[in-house]
Number of protein chains: 2
Amino acid sequence: MKNKVEKEWEKEFDYFNKRITPCRRAIMEIFEEEERHLSAEEVYMLLRERGEKVGIATVYRNLDLLSQMGLLHRVNFGDGREHYEMTRVSPPQHHHHLVCTRCGKVIDYSELVREEHEFLDRLERELSSKYDFLIQSHQIYFYGLCESCRSNFES
Amino acid sequence: MKNKVEKEWEKEFDYFNKRITPCRRAIMEIFEEEERHLSAEEVYMLLRERGEKVGIATVYRNLDLLSQMGLLHRVNFGDGREHYEMTRVSPPQHHHHLVCTRCGKVIDYSELVREEHEFLDRLERELSSKYDFLIQSHQIYFYGLCESCRSNFES
DNA sequence: ATGATATTGATAATCGTTATCAAAATATTG
DNA sequence: CAATATTTTGATAACGATTATCAATATCAT
Ligand SMILES: [Mn+2]
Ligand SMILES: [Mn+2]
Ligand SMILES: [Zn+2]
Ligand SMILES: [Zn+2]
C-alpha cells in the first residue's frame with residue numbers, strides 16, 4: 001500500500017500536464033524548507049548540496065515553469081536578479097516587501113492585510129472597468145532605509 | 001540680462017553638487033517632452049535624434065544619477081530592462097502601474113490616490129515602528145491581462 | 001593660467017538569463 | 001514487452017543589459 005501523502009502542489013502538475021521530475025520535486029522541497037527568497041543561483045547551489053546533479057539551465061527553466069504554474073512567486077528587489085519564494089496557501093501567507101535601498105535587505109510584512117484587501121478590492125474593481133484590464137495579482141514594494149543602515153549613516 | 005527661467009530640477013544639481021552638463025540637460029528635456037517610460041537604450045536613441053553625441057555608458061550613468069537625485073523614477077516591469085520616468089511634482093502625478101503579463105503593455109493609473117494615501121499612511125506608520133524602517137517611497141504593481149490580450153486569447 | 005576635480009566616450013568585461021541541440025527519461029501504443 | 005512519440009535534461013554557446021576601465025576632455029577653484 002503505497003499510500004503516499006500527496007503534497008498540495010502535486011495536483012497542479014496534473015492540471016498543467018507536467019511531470020514531477022526529481023529536479024522539480026527537489027526545488028519544491030527546497031522552497032518548503034528554506035523560508036526565504038532564493039535566486040536561481042542559490043537554488044542551484046542548494047540542489048547540489050543535496051546531491052542532486054542538475055544543470056543550471058534546468059533550474060532556470062523550472063523556476064520559470066513553477067512560477068507560471070503559480071507554485072512560486074517571482075519577485076524583483078532591484079538588485080539585478082530575480083528571486084523566488086513559495087506561494088503558501090495554507091496557512092495563507094499573503095505579504096509584501098520592505099526593501100532597503102542601501103544594503104538590499106528585504107523584510108516580509110503582512111501588516112494590515114485586511115485593510116489592504118479592502119482597499120485593493122475597490123481599486124481593482126475601479127481599474128478593471130476603467131481600463132478593461134483583468135487583474136490577476138499585485139505587488140507592493142516599500143523602499144527606504146533599514147535600521148542598521150540608518151545608524152551607520154555617515155557621509 | 002540673462003534672466004534665464006530656471007527649471008524646477010536645476011536647483012537639485014546644486015544641492016547634490018553635480019554639474020548640469022549638456023547630456024544631463026538633454027536627458028531631462030527628453031523626459032519632459034516624452035511622457036512615457038523610457039529604457040536606457042530608448043533615451044540613447046532619442047539623444048542621437050536630437051543631434052547630441054553621447055556614449056551609451058554616459059546615458060546609463062546619468063539615468064542612475066538622476067534617479068538617485070530623485071528627478072527620475074526607476075521602474076521595473078519584468079521585461080529584463082529598467083525603465084525610467086520623470087518625477088513630476090507640479091502638477092503632482094503620483095501613480096502606479098498595470099502590467100499585462102502577456103504583451104508587456106503598461107498602463108499608468110492614478111485612481112483612488114486619496115484612499116491609497118490614507119491606507120499607505122497608516123501602513124507606513126505601522127511598518128516604520130515595527131521594523132524600525134525609514135520608508136521613503138513605494139510602488140504598487142498590478143499584473144494581469146489587457147483588453148486586447150484577453151480577446152486574442154485562443155490556445 | 002595652473003592645477004584639481006568632475007564628466008565623458010570607447011570599449012572591454014561582467015553577469016544573469018536564454019537558446020540550441022543531442023542525449024536521457026518517461027509515456028504511449030501496438 | 002517492444003517500438004515509437006513526447007518531455008525533460010545537461011552542456012555550452014549566445015545574448016543582452018549593465019558596469020568597469022581608463023585616458024581624454026570639460027569645468028571649477030585659486
Ligand atoms: Mn517575501
Ligand atoms: Mn508610470
Ligand atoms: Zn539596509
Ligand atoms: Zn496585453
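In the text below, chain A, chain B and the rest are named by the order of the sequence lines, each starting its count at 1.
The shortest distance between the side-chain N/O atoms of A:Asn17 and the OP1/OP2 oxygens of D:dT6 is not below 4.0 Å. Listed pair A:Tyr60 / C:dT18 fails the phosphate criterion, with no side-chain N or O lying under 4.0 Å from OP1 or OP2. Side-chain N/O atoms of A:Lys18 include none lying less than 4.0 angstrom from OP1 or OP2 on D:dT7. At the phosphate of C:dT8, OP1 or OP2 sits under 4.0 Å from a side-chain N or O atom of B:Thr21.
Summarising the geometry, the separation between CZ on B:Phe13 and P on D:dT27 is reported as 14 Å, rounded to the nearest angstrom. Between the P atom of C:dT17 and the OH atom of A:Tyr44 lies a distance of 15 Å, rounded to the nearest Å. Between B:Asp64 atom CG and D:dT19 atom C1' the separation is 10 Å, expressed in whole Å. In this structure, the CD1 atom of B:Ile56 is 11 Å from the P atom of C:dG9, given to the nearest Å. The interatomic distance linking A:Asn62 (CG) with C:dT18 (C1') rounds to 14 Å, in whole Å. Atom CZ of A:Arg81 and atom C1' of D:dT18 are 13 Å apart (whole Å). Taking atom CG of residue B:Asp79 and atom P of nucleotide C:dG16, one finds them 18 Å apart after rounding to whole Å. Nucleotide D:dG10 holds its P atom 10 Å from the CD1 atom of A:Ile27, rounded to whole Å.
For B:Arg61, whose side chain is taken as the heavy atoms from C-beta onward, the closest listed nucleotide among C:dT11, D:dC22, D:dT12 is D:dC22. Counting only heavy atoms from C-beta on, A:Arg24 has its side chain closest to D:dT9 among D:dT18, D:dT9, D:dT12.
Using modelled atom types and a 3.5 Å distance limit, the side chains of B:Ser128 and B:Arg125 yield no donor-acceptor pair. Side-chain contact check for A:His83 and A:Asn76: no donor-acceptor pair (N or O, by modelled atom type) lies under 3.5 Å.
Contacts of B:Glu82 with the nucleic acid, taken as non-hydrogen atoms under 4.0 Å apart, involve only primed sugar atoms and P, OP1 or OP2. Residue contacts for B:Arg19: at a heavy-atom cut-off of 4.0 Å it reaches a base atom on one of the strands shown.
Residues B:Ala57 and B:Pro22 both approach DNA chain D. Their nearest nucleotides, taken by heavy-atom distance, put B:Ala57 toward the 5′ side.
For the pair A:Arg24 (side chain) and A:Leu66 (backbone), a donor-acceptor distance under 3.5 Å is absent.
Aromatic ring centres of B:His73 and B:His94: separated by at least 6.0 Å.
In this pair, B:Phe77 and B:His37 present their aromatic rings perpendicular. The plane angle is above 60°, beyond the 30 to 60° band.
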